Structure formats: structure tokens, C-alpha cells
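In what follows, chains are A, B, ... by sequence order, proteins preceding strands, each numbered from 1. Fair warning: this is a prediction, and the values are worked out from it, not measured in the lab.
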Amino acid sequence: MYKYDHIDNQIVNERVNQYQDQLNRFLKKDLTEEEFRPLRLQNGLYIQRHAPMLRVAIPYGLLSSSQLRTLADIADQYDRGYGHFSTRQNIQFNWPKLEDTPHILRKLAESEMHAIQTSGNCIRNITTDPYAGVTPDEIIDTRYVAEIIRQWSTFHPEFALLPRKFKISISGSKQDRALIKTHDIGLELIQDNAQIFANIYVGGGLGRTPIIGQLIKEKLPIEDLLTYCESIIRVYNLYGRRDNMYKARIKILVKSLGVEEFRKQVEEDWEYGANSPNKIDQSEINRIKKFFTEPDYKALSAIDFKNTYKSELHFLKWIDRNTRPHKIQGYRSVTISLKGKKQQAPGDILSEQMRDVADLADKYSFSEIRSTHEQNLVLADVEESHLFEIYNQLIKTNLAEANIGLITDMICCPGGDFCSLANAKSIPIAKSIEQLFDDYDYLYELGSMTLNISGCMNACGHHHVGNIGILGVDKDGSEWYQVTLGGQQGVDASLGKVIGPSFSAEEIPNVIDLVLKTYIEVRLDEELFIDCFNRIGIEPFKERVYQH
Amino acid sequence: MKTQLIINNELINNEWALVVPEISIENVKKQAGKVVQFKTTGEEIPSHEDIEKTILPEASKVLLPLKLYLLKKVELKKKYSEIGLWIYSHEEINLFKQLDKDINDFPVVGVMIEKFADGRIFSLGNLIRRKLKYKNDMRALGDILKDQLFFLKRSGFTSFLIKEGRDPIDAIKGLNDFTYSYQGTLNEPPLWKKR
């Protein structure tokens with residue numbers, strides 16, 4: 001992974017000094033609340049319901065074991081002994097004190113971490129496939145491209161105060177696990193004759209106005225990637241709406257201009273911008289690439305788990321759900337579930353568990369951990385012969401839930417329990433749905449499906465792209481929940497359809513239960529929920545749910 | 001010397017009278033992306049009438065709104081010995097193409113923001129340097145605080161008029177918040193070329 005040199009260190013240290021000065025001026029009332037707000041946000045600091053919330057950047061979801069231990073120490077020293085992984089691969093602390101935040105940032109800087117641009121109207125943390133570099137369906141390893149973009153976007157002077165937040169995601173595999181079509185800019189890396197190119201999608205996003213991104217540039221040479229993104233963001237910076245924050249995202253600009261006109265404006269700017277100093281060359285690509293070389297893989301033979309571990313049924317389930325093929329024979333990638341009854345909220349992890357995972361990474365996976373969009377953790381490079389040991393150690397630390405890709409592997413925002421924007425709570429909804437699944441056989445029978453919960457239309461829980469989506473809405477001051485069906489992420493990204501009038505929190509488990517029963521009854525053979533939905537449409541589900 | 005003007009990391013006596021039209025509010029909401037750009041509030045301002053009615057100060061050096069200059073250049077050139085121009089952050093740089101002479105004949109060109117969070121100023125600065133090839137002093141005007149200065153400097157601005165009531169000496173430090181920057185700018189290659 002990328003390692004800081006003295007220059008990177010100096011940049012994050014100077015950022016802490018700058019932030020400390022901004023906080024001091026705010027406390028002395030030399031900065032107004034309105035002025036301090038964008039400044040603190042660009043350092044990941046929100047003022048929440050109970051306390052400030054600090055969001056720490058995990059660039060493209062990549063962490064070292066020592067960084068994870070630092071996060072555990074911060075959780076113990078400055079928070080309540082836990083952290084929360086977000087859908088953008090970052091980690092959030094819900095209970096720090098405002099005056100402690102510079103100390104936390106200093107501690108992060110010592111471990112080559114920071115909270116730069118994790119919030120506010122700027123280019124946010126770059127996200128990518130959590131299985132980059134190890135997945136068998138990979139075309140291009142996205143990690144070095146993500147690092148190049150991270151450096152370029154860090155304190156980019158022109159894009160420090162955009163109309164609204166700006167999210168970039170990169171995919172380099174056949175399957176899109178980075179959700180590039182629901183990002184402000186989505187980059188799809190492709191290869192042709194040993195040359196690397198990017199297809200650029202623009203104007204996707206969830207939130208109040210969910211829109212699937214559109215292709216704006218095809219087969220752009222990788223050397224031009226940054227300058228082309230500069231032209232896109234420049235047009236957005238100048239013309240995006242600033243009068244209404246709900247209409248300020250780039251998707252609204254692209255929609256109102258039409259993608260053709262938007263492309264024309266970008267191309268016109270790029271006539272001047274293509275030769276900006278940020279055009280990269282092969283030497284820079286090679287320099288960054290060196291940080292992401294393959295570890296020393298051994299020559300191993302594959303294990304036949306079903307025969308070798310015949311009597312270990314739970315382990316076999318876990319292998320089936322929580323591990324996935326690796327590009328090297330004899331290795332697999334492990335996804336550690338942060339969902340389930342033993343977790344206080346989806347994506348939460350205790351400091352002790354962080355340390356246990358860091359130990360596992362040291363022992364079995366080249367000291368690296370990745371965080372995923374689905375709010376889980378990954379050990380990417382595990383020898384198959386170590387899996388049984390890892391599984392048993394995960395049981396001891398309560399992280400062996402074998403539910404990856406199942407309905408209980410929910411994506412869920414912090415909701416009304418923490419967030420001051422939320423209309424409704426989301427964690428108790430997640431918990432009440434989990435209670436439905438005492439019976440693991442039923443859970444496995446339901447198979448792969450996604451359930452995403454957002455506490456408000458800002459859609460941090462990505463409800464639009466869940467096979468089942470739940471959205472908290474406010475009606476006359478009370479909390480209600482709207483259910484959507486048929487959303488999907490990935491290459492065939494689609495947005496869910498609303499099933500009908502919203503429900504109370506108490507009704508939700510029963511509604512979900514009825515939706516699932518309908519599916520079980522009408523599905524063909526091994527048909528997945530989403531395929532079944534696409535075949536029969538929303539009506540059968542609607543009828544069943546509202547009959548009761 | 002009471003001044004809020006920073007040039008070359010120093011407080012400089014401000015000889016330029018800043019001319020700002022008085023705005024009679026006219027609420028015109030526009031669609032995103034239309035030719036008319038936005039004020040942060042969404043109003044189209046100032047109106048043609050506002051510009052016409054602008055009060056002209058007695059001074060020798062003035063910074064004038066570009067639209068005012070375009071409207072009354074003969075009179076203005078007679079009245080003042082030196083003229084600088086500025087645009088609002090919601091105006092287009094193409095306006096400069098209507099000038100009767102080269103933009104580089106003006107010693108100062110500025111961009112005015114009314115709200116601290118208005119980041120259009122950075123792109124406009126970049127375009128004025130890059131597209132219009134403006135070489136002289138470029139000035140940041142309006143709601144300018146210490147915290148934008150590092151970005152403004154890297155977007156091509158060379159002078160900074162700090163908002164009234166804010167300490168300009170402390171603000172100077174903001175110009176040098178960081179020793180290194182990753183990305184290149186017009187005056188500076190990206191960090192990787194130096195690594």
C-alpha cells in the first residue's frame with residue numbers, strides 16, 4: 001500500500017496546524033459559525049445530535065494493521081470504545097469532544113491518516129473495489145489510479161469550495177463493485193493493447209434525486225484522466241447551482257443541460273485544459289504503481305473444502321458466504337461481517353475487535369485490511385489452509401457471522417439515533433429485521449439479496465439501489481418508512497420502485513416478511529430475488545403486503 | 001496605515017478606490033447551467049439600472065465593475081488616471097472580450113465574492129490567467145478570509161483584500177499554510193515532478 005514520505009507527512013501535519021488555528025479562532029469568536037462550518041466539515045467534523053462526529057478517511061478502503069490499531073486506540077481514548085464503518089469506506093467516531101479533535105488528528109497523522117475532505121463541498125474520499133488487486137475478474141488494478149487521484153484531489157486549489165460534495169469512484173473489473181454509475185464521476189478502467197484507458201461516467205447519484213450516471217467520455221488515455229476530470233469539475237464549479245443545496249449536485253446540472261451540452265462545455269474547456277500541468281506520464285504511473293506490487297504469494301494447491309471439512313457445517317457455510325475466489329490458486333479473500341445480532345449497529349466495530357482483526361491481518365494477510373462499501377472488512381490475501389484457524393478466531397471475537405450477501409448483511413446509515421439530518425431512526429429498523437431471521441436455513445434459502453436502509457432522503461444508506469430499500473420519512477412529526485423493491489447496484493445498476501404508502505416502524509418486519517414469502521412462493525429454481533422481481537414486477541408483492 | 005490589502009506577503013497601502021454598485025434587489029431565479037450564472041443567493045444582480053446609477057468616487061485610481069466600464073468607458077477614462085476592473089463570481093470571463101483594449105493594459109483585475117463559500121472565484125482566477133492570459137495583478141475581493149488565501153494564491157491571485165473587521169496581519173499567514181502541494185498549477189509543476 002501507499003507509504004508516506006516526509007512530504008506527505010508534512011502535508012498532513014500542516015493540515016492539523018491549520019485546523020487547530022481555525023478551531024481556536026472559532027472558539028475565540030474570530031470566525032462565525034457560518035464561516036467555521038465549511039472549514040470543520042472539510043476536516044470531517046460534523047455537529048451531531050449528541051456530540052460532534054469525526055469521519056476519518058480510509059483512502060479507497062485500504063488500511064494497514066497498525067492504522068487499524070491506531071483507530072482502536074482513538075476509539076478507546078476519545079470515544080466510547082467503538083467506531084462505525086461508513087458506506088464510503090471511511091470510519092466515523094460518534095462521541096469525540098470538539099476540543100479533542102486536533103489531538104485525534106495529530107494521532108492520525110502519526111499513522112499516516114487524516115480526515116481531510118471526508119465531508120464538505122469538495123472532492124471526497126476516492127472509493128473503489130475492496131477486492132482490487134486480488135479479484136479474478138480484474139482488468140486493471142484500481143488502487144494506484146485511486147492513489148494518483150487522491151493526491152491530485154487533496155487540497156486542489158480550484159475545487160476547495162464546490163457547490164456541493166463531489167464523489168469519485170473507480171472500477172477496474174468486469175463486475176462493478178464500486179458503484180461507478182451512482183457517483184458524481186465514475187471511472188471504468190479498461191485495457192487495449194497494453195494501454196490503459198478510462199470510460200468516464202458523470203452525474204450519477206442517490207440522495208433526493210436518484211440518477212444513473214451517463215457516459216461522457218469513452219476511452220480516454222489514462223495520462224489525461226486528471227485534466228479531463230478538472231474540466232468536468234470546473235464546468236460544475238462555475239455553473240452548478242449554489243442557490244439551493246438540494247439542487248446543487250452535478251447530476252442536476254447534467255440533467256438540466258442534457259449530457260450532450262454538458263459534454264460540449266467540458267470539451268471546450270478541455271481544449272485549454274488538456275495540457276494543464278496535471279497531465280500525468282508513465283513515470284508517475286510507475287512510481288505510484290510500485291506501492292501496490294503483489295506480495296510474495298506462495299505456490300499452493302487449492303483445497304477441497306467440502307471433503308476436507310466434511311463435519312464442519314458452520315465453517316462450510318462461512319466459506320461459502322464470507323470468502324471469495326482469489327486470482328492466485330490456494331488463496332481466498334475473507335470478508336468479515338460487521339452485521340448481525342452481536343453488532344450494536346451495521347458497520348459498528350469495538351476497539352477490541354479492531355485489534356483482533358489487525359492481529360489476524362498481521363498473521364495471515366500481509367498486514368492489510370480493506371473496508372467495503374457494504375460496511376464490512378476484508379482480509380484480501382489469505383492462504384486457504386489458514387481459513388479454518390481464522391474462522392475460529394473470528395468466533396472468539398464475535399465476528400464470524402456467515403451472512404455476506406444475505407439479507408441480514410444490510411447497509412444502514414446511522415439514522416436518527418445519531419444524525420441530525422435524519423427523519424427517522426434506521427438502526428432499530430435493521431435490528432428488528434434481523435430478529436426475523438432466527439432460522440439460518442431460511443436465510444440461506446433466501447440467498448443473495450440486498451437490503452439497504454436510509455434514515456432520510458439524503459440516502460446515505462443507499463436505499464435506492466437495495467433489492468429491498470427502506471427510507472425513513474417524516475409525516476406530521478412522526479417516523480414512517482417507505483419501502484422500495486428492485487433496486488440494484490453494479491453493472492446493471494437500477495433504482496428501486498416504491499411499493500406504496502409508507503409503514504410504521506412496527507409494521508416493517510411483517511412487511512419484509514411478506515415480501516420474502518411472496519418471493520419464495522413464486523421464484524423459479526435458483527432464481528435470485530432481483531431476477532424474480534424483474535420477471536414478475538412489483539404488483540404481486542404490493543398485493544400481498546397491502547392485503548394485510 | 002489602515003489597510004486590508006495584502007500583496008507579496010505584506011500589508012500594502014491601498015490606493016485603489018473600490019467601486020461597487022448599489023443593488024436594488026430583484027429576485028430572478030434561473031435554471032442551472034443557463035448562460036446567466038448565479039449569485040449564491042440565486043438572484044441576478046446587479047441590474048443594468050443599478051450599474052448606471054453607480055456613484056463614482058473622487059479618486060485617481062479606481063477598481064470598477066467591468067460592466068460599468070463597458071457602459072461608460074469614455075467618461076471613466078477621462079475622470080480617472082488609472083483604472084482596474086473586476087467581475088462578480090457569477091459573471092462570465094467572456095465579458096472581458098468586449099473590452100476596447102487588451103486585458104493586459106489594465107494593471108489590476110479582480111473577482112468579487114459575496115460569500116466565503118463561493119468557490120467559483122478559484123476557477124475564474126484560473127481561467128483569467130489561462131484563457132485570457134492576464135499577466136498583471138489579480139485581486140480577490142469581497143468575503144475574503146485567511147482560510148481561502150492559500151487556494152487563491154494557487155489559483156493565480158496575487159493580491160487579497162481582506163474583509164473589513166478581520167485581522168489582515170494574521171491572514172497573511174494563511175498564504176503559507178502548506179509547504180507542499182500535490183497538484184500542479186499554472187505557476188508550479190505537480191509535486192511528483194519534483195520527487
Chemist: Assign the ring pair B:F151 / A:F155 to parallel, tilted or perpendicular, where the plane angle (0 to 90°) is split at 30° and 60°.
Modeler: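 Tilted.
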Chemist: Could you look at B:L152 and say if it's the side chain, the backbone, both or neither that has a heavy atom under 4.5 Å from chain A?
Modeler: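 For B:L152, neither part sits under 4.5 Å from chain A.
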Chemist: Less than 4.5 Å to any heavy atom of chain B: does that hold for the side chain of A:L39, its backbone, both, or neither?
Modeler: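 When you check distances to chain B, only side chain atoms of A:L39 fall under 4.5 Å.
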Chemist: Quick check on B:E49: does its CD atom have over 12 non-hydrogen neighbours (other residues, nucleotides or ligands) under 6.0 Å away?
Modeler: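 Open.
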Chemist: Go through the atoms of B:L127 and report whether side chain, backbone, both or neither lie under 4.5 Å from a heavy atom of chain A.
Modeler: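 Contact with chain A: side chain only.
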Chemist: Give the member of A:Y272, A:F159, A:F262 that has the highest number of heavy-atom pairs under 4.5 Å with chain B.
Modeler: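 Counting heavy-atom pairs under 4.5 Å, the top option is A:Y272.
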Chemist: Chain B heavy atoms under 4.5 Å from A:E35: which part of the residue, side chain, backbone, both or neither?
Modeler: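 The answer is both parts of A:E35.
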Chemist: I'd like to know if the side chain of A:D8 pairs up with that of B:Y180 as donor and acceptor (distance under 3.5 Å, no hydrogens or angles considered).
Modeler: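 Note: A:D8 and B:Y180 side chains miss the donor-acceptor criterion.
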Chemist: Counting neighbours of CG on B:N8 that are heavy atoms of other residues, nucleotides or ligands and sit closer than 6.0 Å, is the number greater than 12?
Modeler: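 Check fails, neighbour count at 12 or below.
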Chemist: For A:R234, which atoms come within 4.5 Å of any heavy atom of chain B: side chain, backbone, both, or neither?
Modeler: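 Both backbone and side chain.
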Chemist: Return yes when atom CD of A:E33 has more than 12 non-hydrogen atoms of other residues, nucleotides or ligands closer than 6.0 Å, and no otherwise.
Modeler: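 Result for CD/A:E33: enclosed.
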Chemist: Quick one: what part of B:N126 sits under 4.5 Å from any heavy atom of chain A, side chain, backbone, both or neither?
Modeler: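 The side chain, not the backbone.
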Chemist: Out of A:A160, A:S283, A:P38, return the one with the most heavy atom pairs under 4.5 angstrom to chain B.
Modeler: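 Heavy-atom pairs under 4.5 Å are most numerous for A:A160.
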Chemist: About how many Å separate OG1 of B:T185 and NE2 of A:H156, when rounded to the nearest 0.5 Å?
Modeler: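 Here the interatomic distance stands at 9.0 Å.
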Chemist: If you count heavy-atom pairs under 4.5 Å between each of A:S153, A:C122, A:P157, A:A248 and chain B, which one has the most?
Modeler: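 Among the listed options, the one with the most contacts to chain B is A:P157.
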Chemist: Would you please test A:D30 and B:D167 for side chain to side chain contact (heavy atoms under 4.5 Å, CB included) and show each step?
Modeler: CA-CA 9 Å; A:D30 287 346; B:D167 179 0; over 6 Å; no
Chemist: Do B:P190 and A:P277 come close enough that some side-chain heavy atom pair is under 4.5 Å?
Modeler: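 Sidechains of A:P277 and B:P190: in contact.
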Chemist: With a 4.5 Å limit on heavy-atom distance, are the side chains of A:D269 and B:R130 in contact?
Modeler: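 Side chain of A:D269 against side chain of B:R130, heavy atoms only: contact under 4.5 Å found.
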Chemist: Identify the two heavy atoms, one from B:G184 and one from A:N278, that lie closest to each other, and give their separation to 0.1 Å.
Modeler: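 Taking every non-hydrogen atom into account, N-OD1, 2.7 Å.
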Chemist: Taking A:N13, A:I233, A:N237 one by one, which has the highest count of heavy-atom pairs under 4.5 Å against chain B?
Modeler: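 It is A:N237.
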Chemist: Hey, is NZ on B:K194 packed in by over 12 heavy atoms from elsewhere, all under 6.0 Å?
Modeler: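 Yes, enclosed.
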Chemist: With a 6.0 Å cut-off (strictly less than), is the heavy-atom count around NZ of A:K29, excluding the residue itself, greater than 12?
Modeler: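 At most 12 heavy atoms, drawn from other residues, nucleotides or ligands, come within 6.0 Å of this atom.
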Chemist: Check this for me: does any side-chain nitrogen of one of A:D5 and B:R195 sit under 4.0 Å from a carboxylate oxygen of the other?
Modeler: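 Yes.
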Chemist: For side chain to side chain contact (heavy atoms under 4.5 Å, CB included), just list the numbers for B:W192 and A:I288, CA-CA rounded to whole Å, side-chain angles, deciding distance to a tenth of an Å, and then say yes or no.
Modeler: CA-CA 10 Å; B:W192 59 267; A:I288 300 290; over 6 Å; no
Chemist: Given the options B:K131, B:R166, B:Q183, which has more heavy-atom pairs under 4.5 Å with chain A than any of the others?
Modeler: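 Going by pairs under 4.5 Å, I would pick B:Q183.
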Chemist: Looking at A:Y246, I'd like to know if its OH atom is crowded, meaning that more than 12 non-hydrogen atoms belonging to other residues, nucleotides or ligands lie closer than 6.0 Å.
Modeler: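 Counting other residues, nucleotides and ligands, OH of A:Y246 stays at 12 neighbours or fewer.
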Chemist: To the nearest 0.5 angstrom, please state how far the CG atom of B:L124 sits from the CD atom of A:E158.
Modeler: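 CD of A:E158 is found 9.0 Å from CG of B:L124.
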Chemist: Below 4.5 Å from any heavy atom of chain B, which atoms of A:S276 appear? Answer side chain, backbone, both or neither.
Modeler: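 Looking at A:S276, nothing touches chain B.
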Chemist: Is any side-chain heavy atom of B:K115 closer than 4.5 Å to one of A:R242?
Modeler: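 No - every pair of side-chain heavy atoms lies 4.5 Å or more apart.
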Chemist: Between the side chains of B:D147 and A:R25, is the shortest nitrogen-to-carboxylate-oxygen separation below 4.0 Å, so that they form an ion pair?
Modeler: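 Yes.
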Chemist: Hey, mind stepping through B:K173 and A:D21 against salt bridge (charged side-chain N to carboxylate O under 4.0 Å, His left out) and telling me if it holds?
Modeler: CA-CA 11 Å; B:K173 294 182 207 148; A:D21 170 65; over 6 Å; no
Chemist: Quick check: closest heavy atoms across B:R120 and A:L238, and the distance to 0.1 Å?
Modeler: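 Where B:R120 meets A:L238 most closely, the heavy atoms are CD-O, 3.7 Å.
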Chemist: OG1 of A:T32 to CZ of B:F116: how many Å apart, nearest 0.5 Å?
Modeler: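 If we round to the nearest 0.5 Å, A:T32:OG1 and B:F116:CZ are 8.5 Å apart.
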Chemist: In terms of heavy-atom proximity below 4.5 Å to chain B, should A:Q22 be classed as side chain, backbone, both, or neither?
Modeler: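 Answer is side chain: those atoms of A:Q22 sit under 4.5 Å from chain B.
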Chemist: In terms of heavy-atom proximity below 4.5 Å to chain B, should A:N121 be classed as side chain, backbone, both, or neither?
Modeler: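 Neither part; nothing is under 4.5 Å.
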Chemist: With a 4.5 Å heavy-atom cut-off (strictly below), which parts of residues 144-152 of chain A touch chain B? List them by number.
Modeler: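 Listed by number, the contacting residues are A:R150, A:Q151, A:W152.
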Chemist: For B:D170, is it the side chain, the backbone, both, or neither that has a heavy atom closer than 4.5 Å to a heavy atom of chain A?
Modeler: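 B:D170 touches chain A through side-chain heavy atoms alone.
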Chemist: Name all residues meeting the side chain to side chain donor-acceptor pair (under 3.5 Å) criterion together with B:D143; count only those two or more places apart in sequence or in a different chain, and write none if there are none.
Modeler: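 Once residues adjacent in sequence are excluded, the partners of B:D143 under the side chain to side chain donor-acceptor pair (under 3.5 Å) criterion are B:K163.
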